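The structure appears right after this line, and notes come after that.
Just so we're clear, the structure is a prediction, and the values are computed from it rather than from any experiment. Here is the naming used below: chain letters follow the sequence lines, and residue numbers restart at 1 for every chain.
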Amino acid sequence: MLVSVRGLVKAYREVKAVDGLDLEIAEGEIYGLLGPNGSGKTTTILVLLGLTEPAAGEVQVCGFNPTREPLKVKRQVGYLPENVGFYDDLTAVENLRYIARLNGIPDKESKDRIREVLEQVGLTEVANRPVGTYSRGMRQRLGIADVLIKRPRLAILDEPTTGIDPEGANQLLDMIVEMRREQGMTILLSSHLLHQVQRICDRVGIMHRGKLVAEGTVDELGAKTAGEGVELEARVEGAGPELATALEALPGVQEVKLQNGRLFLRADSDVRAEVARLVVEQGARLLELRRRGLTLEEIYLRYFQG
Amino acid sequence: MGTTRNIAWLLLGVASLFSFGVLGQELSFYTDYPAVVVSQGREVSLEVKLLYTGYSPVDVELSVAGPEDWNPRFETSGYPIIRIQAVHLLPGEEEPKVIRFKARPPEEAPGGDYQFTLTAATPDGALRQSFTVTVTLEAEAQPEEEETEEVLQLVVDYPSLENAAGEEFVYTIQIKNQTDEDQVVELTGEAPLGWIGYFTPRWQQDTRITSIKVSAHGTENIRFVVVPTPGAEEGEYSIVFRAQAGDYQASLELGATITGTYELRLASEAEITGSGDTWNIKATEGQAREFTLYLGNLGSAPIHDVNFHVNEPQGWTVEFAPETVDSVPPTGGLADLVKVTVTITPPNRAIPGDYQMRIVATGQEDHASAELRVTVGAAMGWGWIGVGVVVFVVAALTGVFVRLGRR
Amino acid sequence: MRMRVVFWKELADLFGSKRFIILFFLILIVAGAAVYLAGQSLQENPPLDTSYVYLRLFTQGAGGLPSFLSFLSFFGPLLGILLGFDAVNSEFSRGTVSRVLAQPIYRDSWINGKFLAGLATLALALAGIILIIFGLGLYALGFPPDGGELARMFTFFLLGLVYLGFWLALGILFSILFRQAASSALAGIAVWLFFTLFFYMAAGLIADQLAPVALDSPPQEWARHEAIRDMVLRFSPVTLFEEATRAVLMPTYRGLGIVQALLQPNVPTNPLPLGQSLLIVWPQLVSLVALTAVCFGISYVLFMRREVRAI
């Protein structure tokens, strides 16, 4: 395991930001840490980097304890903070060179690396402009470059898509996937935006009030939440109470609701084929039939609405 | 005297006898000293008194009977001294009228007693008084000088004066009149050829006089001013002062010593030659600077052993070559000037600016001084290094700014 | 050491910053003018005793301008505060702090690097100004300083550096204490004004309370009044610096106030060797260094314990 956290507790004054967190991330994974603001994601990340001391719990990152040996951890971990900041009066190249120097990369070597990573994130053209003139999306991409420059084993990206337009966010996410593919980097991604995590993450952990409340692949999570039954939604032209009654009679169907010409069904298993046949037999026109409750957002909402 | 006069005398004698008995004596004619002793060559001078107690003014004629070669006569007692033959007397006078009887024994007169009968009488003979004076002539003669000295005495407190050439000699002389009469004293003097002399009263120095009146037994002070010729050489000169009042005369030997004059002068080269250094010179710190000055003597005699002193600021060295000038002759031409080279060295750490120093030349007879202003300029060598340091620092800082500021 | 990287980066930032350039040239021009006038007045009235005359360039005011020393003691703090007041809080507000600290460097390297960069900037500026004064002096006076003068000028440089270092440390401390750079700057300026202007008044008031004096008081009471005032004043780094520099730049200074000097008229006035001069103001020197160290020490501890997250 590249990252392993057991029983992590961290409190700011009276408030417990992290309360007994267990987390494991394997080498080469893209792990999404999900949760609303204030659920303890950033605190967890800071502990992983050794920037904050935990009150209790065991933490291992790249085989080292970040509290005791922060430098060894930091050498192998790249970090893109939420709302990443740069020295605005310096150019992208200068900002990156500073980071390279702090990592002990000689200027000769860093020169090529900087060009390389700037190309990767698509900032070659503005490389010698002061960062103060950059847009939010360019800064975020520069942040990725900032992580890449040190060629980390583990990249921790805290809310990387915050505040960027959807197109930019998509580009960024593609870039992250590329990072893993090209360099075999492990990536820990925190976000409160589900669809992004869902799109690129191998595994997802959902944090709530300092605890990991659910963990697994997106599908596993879907299955977990789906354990209580399957929800179907059907759009039927000319649907009436008769159809609802008929559907209710199908084996495995627990409940049927009719709302605005839409039918919502709850069943023990996936009974879409039976439902379709029945609707057609009843002489109605089936316009759409889909299974609900499988997206992460639905899972997510399920946790946090409760 | 005619017959009628004799008759008159007789009548007068009767009347006077009468009046003497009835009215008392209206006229007294007498002297306090009816017998006097006089030495040969000296004059008899007796106060004779006339006291009149009558009621109307009278004229009294005076006559004397005695040896005619003694030249007996009456004179006034006060000034002016004139010979008189009659006296006008006013009534009610309480004091007697004083006149003087004088007689001088002829040189050949033998010693012994001589009788003079002095008579005062009104022309009408109504009043007549006479008395006899006995003069005893002492035969042995006194030396004349002593006599005169006693009569006209000259006193000078400083008979010998010493002065530099060109200066005047002023003697203050006291003239005492030992006679019983006021005297007008003629003043004369003898001085070397070309010298000028004159007299003034003591307290009126603007008034030049040739004689002075000295009252009887009185004293007058006069100034005797003697001006030597401008080129008079140094040395001792004698001057004679003479005073003469009638027959009396006296003289004084006075001494005048002329010493040389000394006037030391300092001049810069510019003052002498019209070019070269004035009293303002420029110098550089730590570097010797030579300055030429000349010693002159506007006096008449050489000045000896001239040394130099200077109140140089701390750390300065000022040297004179020669250190001592043995003699500075009176300056007649440029050749007489003595050249002195002054070597001035400001200290290494002299701050640029103006420095004032006073050079004093002191000889035995005179001294002179002059202010020398030395303007010290910064040594340009160090100045350029200073500029270099500033330029270097500005360049270095700019370099750092450029290098660090732009990366 | 990664501290070198931080150091050079900060040094470049400080030198590149417009505020530093402006203030540096302001001080340079004013100081240059002060020294030029001091040199002029030395030329107009050349002192008979030219020993330590170079030092007078620093201490002699002329033409209505105060001396360079006064300028340094008054405006130097501003330079120090200016370099330090946003050292840390600006990194927090720009969001660079977590990014930089996520790099493999120790936290103290970062704060030390910042402090040292500030100190080096001040040293370079001060050395530059002193060298320029030295050059101007060389030009105006035309002779080089002697060993004693050089030693004292160098000591003065070190002293000035410690003094400016104190204000830099104070500025950095405020940059940690205050989130907003503006608050930090205001606090720094407040402290500066307090020590440079109001502290004299305050010390006078305290002395008036403890040892009241009237115009006709005996000199002993005045001396006591002055002693109390001086004691209070020594709590101010400005006073410490001024006393220490007086001993360094005026070799005849023997640590006596005006009244004390009047009471002891037989104190010799010959110049002291540098060691003796330093001995006189040893407590002031130690206090000044200690103040700087304490100030930076507090900053250090505060920064080390500061949560990166607590923006």
B/Glu371 CD: over 12 foreign heavy atoms closer than 6.0 Å | yes
*asked:* Looking at B/Glu323, I want to see if its CD is surrounded by more than 12 non-hydrogen atoms of other residues, nucleotides or ligands under 6.0 Å.
replied: no
Of the non-hydrogen atoms in [X] and [Y], which two are nearest, and what is the gap between them?
X: C/Leu136; Y: B/Val390; value: N-CG2, 3.7 Å
X: C/Phe143; Y: B/Asn348; value: CB-O, 3.3 Å
X: C/Tyr139; Y: B/Gly383; value: CD1-O, 3.5 Å
X: B/Val393; Y: C/Gly128; value: CG1-O, 3.4 Å

Okay, B/Leu397 and chain C: the region with an atom under 4.5 Å from a heavy atom over there is side chain
Name each donor-acceptor pair under 3.5 Å that joins a side chain in residues 158-165 of chain C to protein atoms two or more places apart or in another chain, with its distance.
from, atom 1, to, atom 2, distance (Å)
C/Tyr163, OH, C/Ser73, O, 2.7

Rounded to the nearest 0.5 angstrom, the CH2-CG distance for B/Trp384 and C/Leu138 is 12.5 Å
Greatest number of non-hydrogen atom pairs under 4.5 angstrom with chain C, of B/Gly388, B/Gly381, B/Ala350, B/Pro347, falls to B/Ala350
Expected list for residues 159-171 of chain B: side-chain donor-acceptor pairs under 3.5 angstrom, two or more places apart:
from, atom 1, to, atom 2, distance (Å)
B/Asn163, ND2, B/Glu168, O, 2.8
B/Tyr171, OH, B/Gly255, O, 2.6

- request: Report yes if some heavy atom in the side chain of C/Phe15 is under 4.5 Å from a heavy atom in the side chain of B/Val400; otherwise report no.
  value: yes
Pair count under 4.5 Å, heavy atoms only, with chain B: among C/Ile133, C/Leu14, C/Ile132, highest is C/Ile132
Honestly, the part of C/Ala140 sitting under 4.5 Å from a heavy atom of chain B is backbone
